[in-house]
Amino acid sequence: MRVEFILLYLLCVTATVVAYETVEDAAVIARNLVDNSKDSIATMATIFPSDDEELGDQPFSMQEYYASCHQNGSITLLFLPISRHSRNIYRSKEHRASISITSEIPAASRARVSLIGTVTVFDQGERAQDLEILKNCYLAKHPDARWWLPDDDDAAHIAYWARFDPHTVYFVGGFGDTHYIGYIPLGLYQSSGPQPSLSPVAGRILVTQGGL
Ligand SMILES: *[C@@H]1O[C@H](CO)[C@@H](O)[C@H](O)[C@H]1NC(C)=O
């Protein structure tokens, strides 16, 4: 009798736990979306500069290649000054942008994450450290980008490496009755990625936090 009671109790507790995502679960799912996205293409949003003749202060969103090459979930970008996003980012005082990544098969019931933050562009002599690691990590996701890499005199366009650092993470796990919807604390997002030693995914090298 007692044992049955305990079993029933455990069943209820487990049922509640699996039915509702905690913010910790959400952080792991968010990092999985960012780190293991099949195509490594995000939707980026930026804002047109105020003095733009037609579209001042308007939001603008469009797909963008990215690669998750940092242990803390910051994102590696190839920054082409010619692109609309890059021009908006350059004109924004703090180089603001938002990047969102969704599940492989996007749906209202599936997880997606929006990162809000700033872009550091490694231009004008500023160099990203561990450049070879970042380059290999990025090219593993986007082999076609080899035609527009920085420091290539034959490249079609000028390009710079850049790093997007989120300051805010907003997560929608799916429908709110069973999934977490809301902000994920930055520290939790940053520490919820795969451990480098446990993730020998071919072609993907995670730069450790202390590494750069
Ligand atoms: C994330 O880690 C990289 C090094 O891999 C570091 O340069 C960057 O500042 C970190 N970002 C944040 C927001 O802590």
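Ligands are counted one by one from 1 in listed order, and the atoms in each one are counted from 1 as well.
With ligand atoms numbered from 1 in the order given, ligand 1 contributes 8 (C), 10 (C), 11 (N), 12 (C), 13 (C) to contacts under 4.0 Å with heavy atoms of Asp165. Of all atoms in ligand 1, numbered sequentially from 1 with element shown, those under 4.0 Å from a heavy atom of Ser74 are 1 (C), 11 (N).
His157 places no side-chain N or O within 3.5 Å of a backbone atom of Ser83 that could act as its donor or acceptor partner.
Ser40 approaches Lys141 most closely through the heavy-atom pair OG-CD, 3.2 Å.
Considering only non-hydrogen atoms, atom 8 (C) of ligand 1 lies nearest to Arg163 out of Gln190, Arg163, Gln71.
The aromatic rings of Tyr183 and Tyr170 stand perpendicular to each other, their planes meeting at an angle above 60°, with 30° marking the opposite boundary.
Partner of Phe79 under the ring-ring contact (aromatic ring centres under 6.0 Å, His included) criterion, out of Tyr90, Tyr160, Tyr66: Tyr90 alone.
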